[in-house]
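Everything on this sheet refers to the single structure shown next.
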Number of protein chains: 2
Amino acid sequence: MRADARRNRERVLEVACDVFAAEGLSVPVAEIARRAGVGTGTVSRHFPTKEDLLRAIILDRIERIVDQARALESLGDPGTAFYRFLAVMVEETAANRGLTEAFAGAGFDMEAASSGASDDVMGVLRDLLAAAQRAGAVRPDVEVADVKALIMGCLARERGDGDTAARLRMITVVSAGLRPDPAR
Amino acid sequence: MRADARRNRERVLEVACDVFAAEGLSVPVAEIARRAGVGTGTVSRHFPTKEDLLRAIILDRIERIVDQARALESLGDPGTAFYRFLAVMVEETAANRGLTEAFAGAGFDMEAASSGASDDVMGVLRDLLAAAQRAGAVRPDVEVADVKALIMGCLARERGDGDTAARLRMITVVSAGLRPDPAR
DNA sequence: CTATAATCGGGATGGTCGTCCCGTTTGAGG
DNA sequence: CCTCAAACGGGACGACCATCCCGATTATAG
């Protein structure tokens, strides 16, 4: 691979990561190219479709989240692991509008793009939830899709990363709601 | 107004209501026209922009929700009123994909479209929340935006109206989370 | 330094959609 | 029945965007 090609590829990736995080997935590819100082042809040669570009950026972020989840999994108390993962996932995603939209399923099919074991967020969430429920730390009737939707709720709190206190409050409320009756 | 004009207007309104509810706000105006059996010109004469058409449909639905809220407001117990409104809002909206997208702010600026007192959902929600908090039925630190986001979470549970049990479970969880510590 | 193949830039293409316009049709009053 | 303004249909237009393509450029091996 030629040196300038590699450089351009890196540059596009970096710019795309920032722009999608700040302004969401609907930013035109041509705009990414413009800000990276390259032509649209250069972008679409390295990443034939917009989805390819998104995959390269988003799956990287998701892998980091999954890593943290796996680390929490081996933490001893399944309840603590589950609830801490809720907070981690919300915090990691809140500052990234593109990632939020990806989770919401807007313009990017995460399930289809995730093929490896290292990017299966739903899988790891399912494991954490099941363990926490076995330990009696989460209401037994709650399903993975419920938890995902509640996380989406926390992310819907507002665009951007401004209000950390509000996010914390949301997580507190949701966590309290998920706990079975006795344990408060 | 000529009889055929009135008839066409009604027909477009009816079809648009169904289609947007079933398939969301991104359905092309031309498709509405096609299914109503009229030309695109007819639609855009009665409703110059797509937003005009949406307003005519969505604000009507919102008014109905607000009516129910006002009815609950005069119900005596502010806590009961608030929690029942949560359920009402989710139930009313869940079956209507267009309404869900409108609340999510996708392609339709609800705040801007709402001008009358009869369509201010956020206003009535604020009143219900404040009263419930004064009565000690909701955590005092929760804000209106938090509640809205949690409702969005319930709506994000899945597309369509299929799983009533899941929606009920979501409302239970969210309600439990919103209650202050003592009252379970 | 030169040749050449990889790479680049950005215009062309095709598709979608909202809105506007105009030639044609039709409802309804006289 | 006859007229004509109101209403209709659907094609034209313009905006936006992803993707493809090709003539110009440039990195790198020899």
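Per chain, numbering begins at 1; letters A, B, ... match sequence-line order.
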Output all residues satisfying salt bridge (Lys or Arg N to Asp or Glu O under 4.0 Å) with R45(A), sequence neighbours left out; order by chain, then residue number.
none

When the side chains of residues 53-69 of chain B are checked against the rest of the protein, which donor-acceptor pairs come out under 3.5 Å, sequence neighbours left out?
residue: R55(B); atom: NH2; partner: D52(B); partner atom: OD1; Å: 2.6
residue: Q68(B); atom: NE2; partner: E92(B); partner atom: OE2; Å: 3.2

Solution key, residues 124-134 of chain B side-chain donor-acceptor pairs under 3.5 Å, sequence neighbours excluded:
residue: Q133(B); atom: NE2; partner: R139(B); partner atom: O; Å: 2.9
residue: Q133(B); atom: NE2; partner: P140(B); partner atom: O; Å: 3.4
residue: Q133(B); atom: NE2; partner: V142(B); partner atom: O; Å: 2.8

Residue list, side-chain contact (heavy atoms from CB on, under 4.5 Å) with E31(B), at least two apart or on another chain
V27(B), P28(B), R34(B), R35(B)

With sequence neighbours left out, which residue pairs that include part of residues 98-119 of chain A fulfil the salt bridge (Lys or Arg N to Asp or Glu O under 4.0 Å) condition?
R97(A)-E101(A)

When you list every nucleotide of DNA chain C with an atom under 4.0 Å from a heavy atom of chain B, which one comes first 5' to 3', and which comes last?
dC17(C) to dA28(C)

Heavy-atom contact window of chain A on DNA chain D, given 5' to 3' at under 4.0 Å:
dC17(D) to dT28(D)

Which side-chain N or O atoms in residues 5-14 of chain A pair as donor and acceptor under 3.5 Å with protein atoms at least two apart or in another chain?
residue: N8(A); atom: ND2; partner: D4(A); partner atom: O; Å: 3.4
residue: R11(A); atom: NE; partner: A36(A); partner atom: O; Å: 3.1

Sorted by chain and residue number, the side-chain hydrogen bond (donor to acceptor under 3.5 Å, both in side chains) partners of E91(B) (sequence neighbours excluded) come out as R167(B)

Please list residues of residues 5-15 of chain B whose heavy atoms come under 4.0 Å from any atom in DNA chain D, ordered by number; otherwise none.
A5(B), N8(B)

Identify, residue by residue, the members of residues 52-60 of chain A with a heavy atom below 4.0 Å from DNA chain C, and return them in order of residue number, or none.
none

Most 5' of R2(A) and F47(A) on DNA chain D, judged by nearest nucleotide:
F47(A)

Within residues 29-45 of chain A, those residues having any heavy atom closer than 4.0 Å to DNA chain C are G37(A), V38(A), G39(A), T40(A), G41(A), T42(A), R45(A)

